[in-house]
Amino acid sequence: MSRLEINGERLWQSLMEMAKIGATEKGGCNRLALTDLDKQARDLFCQWCESVGCTISVDKMGNIFARREGSDSSLGAVSTGSHLDTQPTGGKFDGVFGVLSGVEILRTLHEQKITTRAPIEVSVWTNEEGSRFQPAMQGSGVYVGRFDLEQEWQKTDVDGKNVKDELVRIGYLGTEEIGSRHMQAFFEAHIEQGPILEDENKEIGVVRLGQGIRWYNVTITGRESHAGSTPMALRADALAAAANVIAEVENIALRNKPNGLGTTGFMQVHPNSRNTIPGSVTFSVDLRNPDPEVLAKMDQELNEYCQVIAQERGLSVDVDHFWYFAPVEFNASDNVKIAAEKLGYSHMDIFAGAGHDACYMADIVPAGMVFTPCKDGISHNEIEFTTPEQCTAGCNVLLHSMLEVAGIVD
Ligand code: HGY
Ligand code: MN
Ligand code: MN
């Protein structure tokens, strides 16, 4: 069994097939959570898993679980999975690579007629991206009890549509109770989404830690008035104040070297008319760091600066810090390292810059992540690319990481 390998060509074909759902002109995918396109992707996943004899369950947050029985169904499942929702200018691989690696493992075990001791499960987690609905990793966060189901059901997108109604609309409001699966370990394969593995010329990343994340909505309230007849000294310009804060978000990241990260990616301006001074602005702030103390310091610097701007400009600045994800260690990573060594892939320890569903699964079971390189470290971009060989390597390491735990009967 030590040379058991997946079918890399079939995995690649499945990735290209899935990429047709929400395909964009630049070669990426725009498949936002709980849209009709997300439904199509979910349906295809279920179809593929059922075709190799799996049973499908869906829980009350729309998380999907495909299950392949082992010889001893009393054992906790060895699980893998990721997400099928993408960013608006997402690529073909973020999340999808992990889900379809799971599907490829089911297919390999099925065609080789392999019986594992423990059951094998492949999961699709609702709204990992946090683009249409916030926060990110919403489905896995509800599953492990970090978020309240009822509260997350009520989260709305910019058009006022809520998660629960959208789950009903696409047919994925399941009946299974949240957190009711019996699992013993969780592994996730994912492209690195950064440049390190490529720069270091390594085939596999053994992920030891998921870095901390803080998300905010900052709302600045000034006063609408005429762009042509309001003297500068009399303005209460919410957007000019927001520009100060957004520039400071970058400075906070740069001051907290080497790993400080700060981003504003979303903004709503009211009334958003070129000749009316904006009366109110709401924008996102995303701060990240692998060290919780540095991340707390960055949080403090942001809040202090917002107060200064509020006073200097005589505006109200509301900082809603609605999501904190503390750095998490992966304690099943040694299985990933053992598998990479057994298969002869070059590898290195690495920490995850992005958030992943495995980061929350680590709350409840031993979890590990397998990273593969992605071209120029680019992700959350339609040109996101990785090679069939890199996908094959990652999926093989995932397979053997899981079999290490699940055991094989025959
Ligand atoms: O935000 C993240 O890191 C992930 O892409 N949801
Ligand atoms: Mn992802
Ligand atoms: Mn992502």
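Computed over heavy atoms, backbone and side chain alike; hydrogens, waters and symmetry mates excluded.
- Residues H356 and F371 place their aromatic rings such that the two centres sit under 6.0 Å apart.
- S14 pairs with exactly one of E104, R107, E9 by the side-chain hydrogen bond (donor to acceptor under 3.5 Å, both in side chains) rule, that one being R107.
- Aromatic ring centres of Y143 and F65 lie closer together than 6.0 Å.
- The pair D286-R288 meets the salt-bridge criterion, with a side-chain N (NZ, NE, NH1 or NH2) lying under 4.0 Å from an Asp/Glu carboxylate O.
- Under the 6.0 Å cut-off for aromatic ring centres, F147 and Y360 qualify, their centroids lying closer than that.
- Judged purely by atom type and a 3.5 angstrom limit, W125 has no side-chain atom pairing as donor or acceptor with the backbone of G62.
- By the 6.0 Å and 45° rule, R42 stacks over the aromatic ring of Y172.
- In this structure, the separation between CG on L315 and CD1 on I220 is 7.0 Å, given to the nearest 0.5 Å.
- A salt bridge links R146 to D363: one of the charged nitrogens lies within less than 4.0 Å of a carboxylate oxygen.
- Salt bridge present: E69 and R67 bring a charged side-chain N and a carboxylate O closer than 4.0 Å.
- Side-chain contact between R255 and E301 is present, with heavy atoms from C-beta onward closer than 4.5 Å.
- A salt bridge does not link K92 with E17: none of the charged nitrogens is closer than 4.0 Å to a carboxylate oxygen.
- Side chains of N335 and H400: no donor on one and acceptor on the other come within 3.5 Å.
- No donor-acceptor pair closer than 3.5 Å links the side chain of K375 to the backbone N or O of E384.
- Among R132, Q151, Q138, E152, the single residue meeting the side-chain contact (heavy atoms from CB on, under 4.5 Å) criterion with V163 is Q138.
- Looking at S82, its side chain never comes within 3.5 Å of a backbone N or O of E188 through a donor-acceptor pair.
- A distance of 5.0 Å separates CD1 of I350 from CE of M348, quoted to the nearest 0.5 Å.
- Proximity of W215 to S284: side-chain heavy atoms (C-beta onward) are nowhere separated by under 4.5 Å.
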